Asks: 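I'd like to ask some things about the structure below.
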Amino acid sequence: MVSPLDSTPAADGFRMPAEWEPHSGCWMAWPERPDNWRLGAEPAQDAYAAVATAIAASEPVTMAVSDGQYERARAALPESVRLIELSTDDAWLRDTGPTFVVDGKGSRRGVDWRFNAWGGLEGGLYFPWDRDERVASKVLEVEGDERYAAPLVLEGGSIHVDGEGTVLTTEQCLLNPNRNPELDRAAIEAALHDHLGTEKVVWLGDGVFNDETDGHIDNLACFARPGVVLLTWVDDPGDPQHAISRDALERLEAATDACGRSFEVIKLPAPGPLTTTDEEASSVEVVEGTRPRRGGHRMAGSYVNFYLASSRVVYPLLDPSHDKEAGAIIASAFPDREAVGVPAREILLGGGNIHCITQQVPAVG
């Protein structure tokens, strides 16, 4: 493990760039654990391969994979996708991988957040998580980037930045006592600014209904460009997501970003509601220490959970009655990129979606 630097990104002149800024590549991790992915993870692997293939047409992709799955992954992925043998507990590189920061002078480093499987022993999704805890440092070693060890339990999917000083997050996640119970809001804000090079936190309330990550922002809302936010939306006032999205809209309309801009909010319709079938739930192995799947469970589906590649925006196809409209809104929000939809229900069944399984590597130099 590379020894961490003894300073912070902000002190050294580094910041987390926005996701639409240039990339040198993307990291993912191959799914395999049968107590989270149904049918031995094969349907999920096909979905991951489709996402990797879509991204690889726009920028280089690296896939972390175990020795036991190497041949399966190699056969499923384009030759252009680089495979790195790297042990993980599961396959959510957004949350276990590093947050990359840049200084505008040709240097890139990485923030290695503490990880406790989305809540540790108080609501976490599996135990143990020690291999996932080491993922970020290993990725940074492969990339040859220096490492900051952040004193904060945090997953990459819980933050979005605009690259100009603003970070967007939710109270449900970052203020959850199962992450950093010893820190109050002010201390968490200070830690974010120290490690992201930001100046202002815009707090939304809860995340998407039933999101097992405790309300990650990347399922609820994201920046499309400075001053513009895409927000998961449900019109039906009887749907529990409606009140959550309405609260988020009101907070955004009352807020300004680090540059003093008011927010333009683009509503992105939610799919579904989508629920797990009995067949899907029963094809996941039940293992002690892992949250079981059950039929009839409402999943936290969201079209906001997309990946911005260098020349593409790769978004999830989740619901035929909403896919086309969502794709058109996403394409309009990113007119300089080709909008590519990928079937993603199998990823959602595991608890997240395309943004959750990817981590961009910003370009430098």
Side-chain angles (χ1 to χ4, degrees), residues 16-21 23 26-29 48 51 55 90-100 111 113 115 118-119 125 136 153-163 166-176 179 192 196 198 201-225 228-233 241 244-245 248 251-252 263 265-271 299-309 313-316 318 326 329-330 333-334 342 344 347-348 350-360 362:
M16 179 184 176
E19 294 181 23
W20 54 78
E21 296 184 49
H23 298 178
C26 171
W27 273 80
M28 300 175 63
Y48 271 59
V51 171
I55 295 172
D90 205 357
W92 307 101
L93 224 294
R94 175 70 53 180
D95 292 345
T96 61
T99 296
F100 289 95
V111 179
W113 309 98
F115 179 76
W118 306 276
L125 301 184
V153 174
L154 183 139
E155 307 90 39
S158 69
I159 52 173
H160 256 293
V161 298
D162 65 357
T166 312
V167 56
L168 187 65
T169 190
T170 68
E171 295 169 343
Q172 182 187 4
C173 186
L174 262 63
L175 301 186
N176 196 309
R179 300 300 205 278
L192 290 174
L196 301 176
T198 50
V201 180
V202 175
W203 292 93
L204 302 187
D206 286 351
V208 169
F209 180 70
N210 264 4
D211 187 342
E212 61 188 33
T213 66
D214 296 319
H216 273 188
I217 192 66
D218 70 351
N219 226 22
L220 176 69
C222 70
F223 290 110
R225 55 187 180 274
V228 180
V229 173
L230 285 164
L231 174 66
T232 295
W233 189 260
Q241 183 58 43
I244 295 171
S245 294
R251 291 179 186 231
L252 288 166
F263 289 108
V265 179
I266 301 172
K267 296 176 180 177
L268 191 56
M299 298 182 288
S302 168
Y303 293 111
V304 170
N305 208 303
F306 55 74
Y307 180 77
L308 281 178
V313 51
V314 180
Y315 67 93
L318 296 167
I329 293 171
I330 290 169
F334 302 99
V342 176
I347 306 173
L348 179 58
N353 227 287
I354 292 174
H355 191 263
C356 306
I357 67 173
T358 51
Q359 177 60 63
Q360 72 277 358

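Because the structure is a prediction, the values reported are computed rather than measured. The basis for the numbers below is simple: all heavy atoms, side chains too, and nothing from hydrogens, waters or symmetry mates.
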Asks: Any non-hydrogen side-chain atom of V208 less than 4.5 Å from a side-chain atom of V304?
Replies: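 Not in contact.
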Asks: Treating N219 as the side-chain partner and D211 as the backbone partner, does any N or O pair qualify as donor plus acceptor under 3.5 Å?
Replies: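 Between the backbone of D211 and the side chain of N219 there is no qualifying donor-acceptor contact (under 3.5 Å).
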Asks: Calculate, to the nearest 0.5 Å, the distance between atoms CG and OG1 belonging to D162 and T198 respectively.
Replies: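 So the gap between those two atoms works out to 9.0 Å.
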Asks: Is there a side-chain contact between T358 and R94, using heavy atoms and a 4.5 Å cut-off?
Replies: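 Answer yes - side chains close enough.
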Asks: Start with the C-alpha gap between E155 and W118, add the side-chain angles, then the distance that decides, and say whether side chain to side chain contact (heavy atoms under 4.5 Å, CB included) holds.
Replies: CA-CA 8 Å; E155 307 90 39; W118 306 276; 3.7 Å; yes
Asks: Distance check, rounded to the nearest 0.5 Å: M28 atom CE versus I357 atom CD1?
Replies: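 M28 CE to I357 CD1: 3.5 Å, rounded to 0.5 Å.
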Asks: Parallel, tilted or perpendicular: which describes the rings of H23 and Y307, with under 30° parallel and over 60° perpendicular?
Replies: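 Judged by the thresholds at 30° and 60°, the geometry between H23 and Y307 is tilted.
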Asks: Using modelled atom types and a 3.5 Å cut-off, is there a donor and acceptor pairing between side-chain atoms of Q360 and backbone atoms of E19?
Replies: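 No; zero donor-acceptor contacts below 3.5 Å.
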Asks: Sub-3.5 Å donor-acceptor pair from the side chain of D95 to the main-chain atoms of G157, do we have one?
Replies: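 Answer holds: yes.
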Asks: Measure the spacing between NE2 of H216 and OG1 of T170 and express it to the nearest 0.5 Å.
Replies: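 Reported value, rounded in 0.5 Å steps: 7.5 Å.
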Asks: Which residues pass the ring-ring contact (aromatic ring centres under 6.0 Å, His included) test with F306, not counting sequence neighbours?
Replies: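 With neighbours one apart ignored, the set is F334.
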Asks: Any side-chain heavy-atom pair from L231 and L220 closer than 4.5 angstrom?
Replies: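 Yes, close enough: below the 4.5 Å cut-off.
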Asks: CG/L318 to OH/Y303 distance, rounded to the nearest 0.5 angstrom?
Replies: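 Here the rounded value is 5.5 Å.
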Asks: Measuring only between side-chain heavy atoms, which start at C-beta, is C173 closer than 4.5 Å to I217?
Replies: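 They are not in side-chain contact.
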Asks: Which heavy atom of H160 sits nearest to which heavy atom of C222, and what is that distance?
Replies: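 Heavy-atom minimum between the residues: NE2-CB, 3.3 Å.
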Asks: Quick one: does T169's side chain get under 4.5 Å of W203's, heavy atoms only?
Replies: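 Yes; the side chains approach each other to less than 4.5 Å.
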Asks: So, taking the atom named CG in N176 and the one named CD in E171, what distance separates them when rounded to the nearest 0.5 Å?
Replies: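 Rounded to the nearest 0.5 Å, the CG-CD separation comes to 11.5 Å.
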Asks: Which atoms form the tightest heavy-atom contact between P316 and S302, and what is the distance?
Replies: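 The pair with the smallest heavy-atom distance is CG-O, 3.7 Å.
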Asks: Going through the checks in order, is the side chain to side chain contact (heavy atoms under 4.5 Å, CB included) test met by T232 and L268?
Replies: CA-CA 5 Å; T232 295; L268 191 56; 5.7 Å; no
Asks: T213 and D218: side chain to side chain contact (heavy atoms under 4.5 Å, CB included), yes or no, with the steps?
Replies: CA-CA 10 Å; T213 66; D218 70 351; 5.9 Å; no
Asks: Taking salt bridge (charged side-chain N to carboxylate O under 4.0 Å, His left out) as the test, write out the residues that go with D214, two or more places apart.
Replies: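 D214: salt bridge (charged side-chain N to carboxylate O under 4.0 Å, His left out) contacts with R179.
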Asks: Can you measure from CG (L174) to CG (L204) and round to the nearest 0.5 angstrom?
Replies: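 Between L174 CG and L204 CG, I get 11.5 Å after rounding to 0.5 Å.
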Asks: Okay, side chain of Q359, backbone of W27: is any donor-acceptor separation there less than 3.5 Å?
Replies: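 No.
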Asks: Just say parallel, tilted or perpendicular for the rings of W92 and Y48, cut-offs at 30° and 60°.
Replies: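 If you compare the ring of W92 with that of Y48, the planes turn out perpendicular.
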Asks: Specify the closest pair of heavy atoms between L230 and A333, including all atoms of both residues, with the distance to one decimal.
Replies: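 So the minimum-distance heavy-atom pair works out to CD1-CB, 4.2 Å.
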Asks: Check whether any side-chain heavy atom of L154 sits under 4.5 Å from a side-chain heavy atom of L192, and report yes or no.
Replies: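 Side-chain contact under 4.5 Å: yes.
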Asks: Mind checking whether L168 and L252 have side chains closer than 4.5 Å, heavy atoms only?
Replies: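 Answer yes - side chains close enough.
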Asks: Using side-chain heavy atoms (C-beta onward) and a distance below 4.5 Å, is N305 in contact with C356?
Replies: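 Yes - at least one pair of side-chain heavy atoms lies under 4.5 Å apart.
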Asks: Go through the steps for F223 and F263 under the test side chain to side chain contact (heavy atoms under 4.5 Å, CB included), then give the verdict.
Replies: CA-CA 10 Å; F223 290 110; F263 289 108; 3.7 Å; yes
